[in-house]
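Take a look at the structure below.
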Protein chains: 2
Amino acid sequence: MLHVAEAARVSVATVSALLNGTATVSPELTQRIEQAIRDIGYKRNAIARSLKMGTTRTIGLTVPHITNPFFTDVVSVIQQAFDRAGYAVMLCCTDEDLNTQDEQIRLLLDRMVDGLIVARVGDGGLLKGIVEDTNVPVVLLDRLCEGVDTDAVVLDNQRAVFDAVTYLIHLGHRRIGYITGTSDISPMHDRMIGYREALQAAGLPVAEELIRSGNFHEIDGYNATMQLLSLHDRPSAIFSANNPMVIGTMKAIRDIGLSCPEDISVACFDDFPWSDVFVPQLTTVAQPVQAIGEQAANLLLDRLAGNRDAPPRKLVLKGRLMIRSSCRPLGAIAQSVSA
Amino acid sequence: MLHVAEAARVSVATVSALLNGTATVSPELTQRIEQAIRDIGYKRNAIARSLKMGTTRTIGLTVPHITNPFFTDVVSVIQQAFDRAGYAVMLCCTDEDLNTQDEQIRLLLDRMVDGLIVARVGDGGLLKGIVEDTNVPVVLLDRLCEGVDTDAVVLDNQRAVFDAVTYLIHLGHRRIGYITGTSDISPMHDRMIGYREALQAAGLPVAEELIRSGNFHEIDGYNATMQLLSLHDRPSAIFSANNPMVIGTMKAIRDIGLSCPEDISVACFDDFPWSDVFVPQLTTVAQPVQAIGEQAANLLLDRLAGNRDAPPRKLVLKGRLMIRSSCRPLGAIAQSVSA
DNA sequence: AACGCTAATCGAAACGTTTCGAACGTGTCA
DNA sequence: TGACACGTTCGAAACGTTTCGATTAGCGTT
């Protein structure tokens, strides 16, 4: 900017005023300055600007795994939304590890991000302190956090699983295996409640040996399914709590020599673009990824636009059961239950 | 830092020296400063640091679509690598649009990223000027760029498609539909050559009506497949040039009432974690995503470590044909060809 | 006792912006 | 003619660091 000012024989203040439109600049100087900018190929240094202004027009986004299609889609939507608004997005993957998450959040705050969207991990860690101590707005994504009172957008997980399990029950399934993620995050907690309530509502017992948990990875789903399938009285259906784990479920079913849906029915959380192309076409609970991403972005953009004092807003969206062909009706039992 | 200095009754220069280890600080002052840092909860401002140092420890990464599983995986690997090295990653999706890409690169450069990894779009746009004019190191990912002479890591696309198509020919297919992306980017160009060469090597004619192109999206694959399937003499096999497009291909096959591989064989570029769980299990060309991501990260990290003057390095990795069950042998024809 | 050497510490400039208040020239009004 | 307002322009401080050269204190030498 100094060079531009010299070349145009004006002060840097004038150049800045013109660039930001903060003061009227005479046509004559405007022309000289614009010419100088072109000649020099000047680009404003956003870092210096950030330092002075205290704002970076950059936000931080942390998710557990970007390869989980649910997060891939949501990240994509969020990225687009902030792109439109002229913000850059710093992406971090925490790999379901609390320490990693804390480190990355620290990294982001050091870099003075204007806001944070977090699909948290563990019990929140630093998150609580940040929401309380700093005035960096935080939006929780997908997962609430005990004791952290801030904007959030989540799914009605309990209801979604309730519906899915009820659907399985209506098909005649009585022993329904349930594979969950670690129970310290809200969606898994709520989904578990939905599972139990659906069984109870149908007057079915909750068999604890049918409930397995893992750390969200394919291998966890695989192991859990192996255990379920080697039970003395194995389940006739399995509900898997996320996408990577259901892939593990399908592999376990294949490896053990069974087939879906003939031998065992499968449903799961999170839809994916190819779910209705291949066989078995999985019955899933689809999350409204577009809406989730947009709402999260909007909540944060609203705070960034200055609306700091509004009380925390919590948006709860509805899942949608996508019924396909991976669950088969169980004839005899179906009748006895629906009777 | 000023507050810390005051609280510890030292100068800011000493605090800075201690924090950076650039000078020895007496145990006494060290202790006072560390105490003050704890008391105040001081965090160094990375923006001010960046301004002074001229480095942000942040890199920019642009890809066409993060929802394309190939890019999802590569982004994930790159993100991890830079995370380990203490760098933050700004992610941008260009949506296969050159203007968007140019804007985003500008945005990234304004923010003084230390380096750039680009899976480019279009003819490169600003890219060329940046590589020449700035001293921000650039690594091209997946796609080379005419006239841009810089580090790159790509696949041997020609060979990969040659192998895949040759495999189809060995199975007895003679009319092999080929769905490609826009031909202005190097992988599509090279893959097309691989396709033609495989046919020629087998003494088969290249029928232009069997070649369709689209803009990488599912819908493009769908439309292209619809056209191929409504040809008078329709192909017995289709090779689709990326993942979203092959999903379109599968949907078109389904919608037109055919089935794979009974009525038509399908193979495609890019593997995915679920490709061997569902039916048909797609035969694919798997890219070494882990290696691609790591190599790209390493190339850039090496430049960032100071190795600026080495000549551009171009890494060419090999694809791997994953033979599954989506392509069936064509009895009679197979014999006449292999005879 | 005067000197020089080393180690520790500090003051101040610099990075590239924004912004506030001051200065300047010009035209208007009393 | 002098006071005043207005529209432009500018000088300089500030944002929070790093870094260079200067300063100081302590200590061994001669």
Side-chain angles (χ1 to χ4, degrees), chain A residues 1-37 40-58 86 88 106-114 134-136, chain B residues 1-37 40-58 86 88 106-114 134-136:
Chain A
M1 186 177 278
L2 181 63
H3 297 121
V4 171
E6 282 169 356
R9 286 162 291 138
V10 299
S11 77
V12 289
T14 308
V15 178
S16 177
L18 176 62
L19 253 40
N20 297 311
T22 49
T24 47
V25 176
S26 69
E28 192 186 329
L29 292 201
T30 299
Q31 211 228 315
R32 287 220 306 267
I33 293 172
E34 285 174 346
Q35 184 62 48
I37 287 178
I40 298 184
Y42 166 79
K43 291 265 95 201
R44 177 160 64 190
N45 182 317
I47 295 292
R49 181 163 220 260
S50 294
L51 177 61
K52 183 65 194 172
M53 307 266 283
T55 172
T56 51
R57 289 195 82 79
T58 300
R106 224 187 273 280
L107 188 93
L108 292 170
L109 289 180
D110 283 355
R111 281 174 171 72
M112 283 180 50
V113 289
D114 291 344
T134 76
N135 62 347
V136 175
Chain B
M1 184 176 278
L2 181 64
H3 298 123
V4 170
E6 281 169 356
R9 285 162 291 138
V10 299
S11 76
V12 290
T14 308
V15 178
S16 177
L18 176 62
L19 252 40
N20 298 311
T22 50
T24 46
V25 176
S26 70
E28 194 187 326
L29 292 202
T30 299
Q31 211 228 315
R32 288 220 304 267
I33 294 172
E34 285 175 344
Q35 185 62 48
I37 288 178
I40 298 183
Y42 166 78
K43 292 264 97 199
R44 178 160 62 190
N45 182 317
I47 296 290
R49 181 164 219 258
S50 294
L51 176 60
K52 185 64 194 172
M53 306 268 282
T55 172
T56 52
R57 288 196 83 79
T58 300
R106 224 187 273 280
L107 188 92
L108 292 170
L109 290 179
D110 283 355
R111 282 175 170 71
M112 283 180 52
V113 290
D114 291 344
T134 77
N135 62 347
V136 175

Under 3.5 Å: donor-acceptor pair, side chain of Thr30(A), backbone of Val25(A): yes

Value in whole Å for how far the P atom of dT18(C) lies from CD1 of Ile47(B): 14 Å

OP1 or OP2 of dT8(D) under 4.0 Å from side-chain N/O of Thr24(A): yes

Whole-Å gap separating C1' (dT17(D)) and CG (Asn20(B)): 9 Å

Sugar-phosphate only, base, or nothing, as touched by Ser16(B) at under 4.0 Å among non-hydrogen atoms: base

Asn45(A) side-chain N/O to dC15(C) phosphate OP1/OP2 under 4.0 Å: no

Whole-Å gap separating P (dG7(D)) and CG (Leu18(A)): 18 Å

Short side-chain N/O contact to dC10(C) OP1/OP2 from Thr14(B), under 4.0 Å: yes

Minimum-distance nucleotide (side-chain atoms of Ala13(B) versus dT17(C), dT9(D), dG11(C)): dG11(C)

Arg106(A) (side chain) donor-acceptor with Lys43(B) (main chain) under 3.5 angstrom: no

Nearest-Å distance for atom pair NE2/P, residues His3(B) and dG16(D): 8 Å

Between dT8(D) (P) and Arg32(A) (CZ): distance, integer Å: 15 Å

5'-most by nearest nucleotide on DNA chain C - Pro27(B) or Leu51(B): Pro27(B)

By side-chain contact (heavy atoms from CB on, under 4.5 Å) - contacts of Arg49(A) (at least two apart): Asn20(A), Arg44(A), Met53(A)

Side-chain N,O (Arg49(A)) to OP1/OP2 (dT18(C)) below 4.0 Å: yes

Leu109(A) CG to dG16(D) C1', straight-line distance once rounded to whole Å: 17 Å

Test log, rule side chain to side chain contact (heavy atoms under 4.5 Å, CB included), inputs Thr14(B) and Leu18(B): CA-CA 6 Å; Thr14(B) 308; Leu18(B) 176 62; 5.7 Å; no

Rounded interatomic separation in angstrom, taking CG from Asp110(B) and C1' from dT17(C): 13 Å

Ala48(B) or Arg9(A), whichever maps to the more 5' nucleotide of DNA chain D: Arg9(A)

Nearest-angstrom distance from the residue atom CD of Glu28(A) to P of dT9(D): 8 Å

dT17(D) OP1/OP2 closer than 4.0 Å to side-chain N/O of Ser50(B): no

Under 4.0 angstrom between Ser26(B) side-chain N/O and dT9(C) OP1 or OP2: yes

Side-chain donor/acceptor of Arg32(A) to backbone N/O of Ala8(A), under 3.5 Å: yes

Sugar-phosphate only, base, or nothing, as touched by Leu29(A) at under 4.0 Å among non-hydrogen atoms: sugar-phosphate

